[in-house]
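If you're wondering where the values come from, they're calculated on a predicted model, not measured in any experiment. In what follows, chains are A, B, ... by sequence order, proteins preceding strands, each numbered from 1.
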Protein chains: 2
Amino acid sequence: MAKSSPMLALDKVLHQPIRTQIAAYLASRGEATFTDLKNALALTDGNLDAHMKKLVQTGYIVSRKEGETVRPQTFYALSSEGKSAFDSYVKALSSILGIAS
Amino acid sequence: MAKSSPMLALDKVLHQPIRTQIAAYLASRGEATFTDLKNALALTDGNLDAHMKKLVQTGYIVSRKEGETVRPQTFYALSSEGKSAFDSYVKALSSILGIAS
DNA sequence: ACTATTTACTCTGAATTACAGAGTGTCAAG
DNA sequence: CTTGACACTCTGTAATTCAGAGTAAATAGT
């Protein structure tokens with residue numbers, strides 16, 4: 001008999017409590033600042049920084065600096081790679097959990 | 001103005017790639033042996049053991065030994081606590097990801 | 001009957017990750 | 001000109017994840 005294929009694994013970068021929420025937040029809002037995220041998710045600075053770093057390193061999130069001479073602020077958003085990774089992640093999850101996407 | 005309440009956090013025990021799949025597998029199948037899980041999820045022994053240990057410690061999974069004199073086999077299943085934790089987890093995820101549960 | 005293999009786990013230790021709090025630089029107010 | 005807030009970044013520690021080695025019992029082979 002054919003042995004059933006192993007379940008499709010979940011993206012490790014995205015399937016982590018804080019990062020899933022960052023990605024979801026950005027997916028629905030489009031863009032956010034460090035402080036937006038920090039307040040929305042109730043995180044410490046260091047923790048948020050570490051997760052953003054990983055998301056940027058992975059290529060899922062891009063940042064854009066606004067204001068050269070004034071106090072600069074960074075806006076974060078999902079990259080197109082990040083968007084499609086998030087999409088596939090949601091699909092995989094839906095199928096594993098048996099919910100309608 | 002009322003500041004929006006922080007997003008509801010995701011259960012750390014359940015929101016981990018392997019454990020989410022173990023819970024989902026048990027939620028749909030009811031019961032499984034160590035080897036069932038190992039094959040279905042394509043895991044190494046040590047890795048599966050570590051995750052099962054955590055799930056049992058947390059109280060989400062209960063084990064039952066079958067066969068006193070014959071080669072014993074352990075069956076794992078979600079406890080009622082595990083079931084409701086999994087339910088809330090799926091609901092929380094659905095609301096965060098904006099999908100219909 | 002005795003040895004080898006398989007099954008069903010458990011243990012150990014190394015690598016990676018998650019996180020809090022301290023630190024840095026800039027700006028604005030008193 | 002000092003104090004405080006904002007926008008991050010860095011560092012160290014604790015916890016987590018994982019593979020492979022180890023153990024014990026049962027079955028298979030000769």
Given D/dT9, C/dA20, D/dT17, which nucleotide is nearest the side-chain atoms of A/Phe34?
-> D/dT9
A/Lys12 side chain, from C-beta outward: closest of C/dC9, D/dC8, D/dC18 = D/dC18
Look at B/Thr35 and C/dA8 and indicate whether a side-chain polar atom (N or O) is within less than 4.0 Å of OP1 or OP2.
-> yes
Determine which bases of DNA chain C form Watson-Crick or G-U wobble pairs with both distances under 3.5 Å, and write the result as a 5' to 3' dot-bracket string with | for other-strand partners.
-> ||||||||||||||||||||||||||||||
Which residue pairs pass the side-chain hydrogen bond (donor to acceptor under 3.5 Å, both in side chains) test with at least one member in residues 8-19 of chain B, sequence neighbours excluded?
-> A/Thr20-B/His15, B/Asp11-B/Tyr60, B/His15-B/Tyr89, B/Arg19-B/His51
Name the closest nucleotide to the A/Tyr76 side chain, picking from D/dC8, C/dC9, C/dC19.
-> D/dC8
Quick one, which residues of residues 47-57 of chain B touch DNA chain C with a heavy atom under 4.0 Å?
-> B/Asp49, B/Lys53
Is the phosphate of D/dA7, meaning OP1 or OP2, less than 4.0 Å from a side-chain N or O of A/Thr74?
-> no
Which is true for B/Ile18 with a 4.0 Å heavy-atom rule: it touches a base, it touches only sugar-phosphate, or it touches nothing?
-> sugar-phosphate
Is the distance from OP1 or OP2 of D/dC18 to the nearest side-chain N or O of B/Gln16 less than 4.0 Å?
-> yes
With B/Lys38 as reference, evaluate B/Asp45, B/Thr44, B/Thr33 under the side chain to side chain donor-acceptor pair (under 3.5 Å) test and give the passing residue.
-> B/Asp45
Side-chain N,O (A/Arg19) to OP1/OP2 (C/dA18) below 4.0 Å = yes
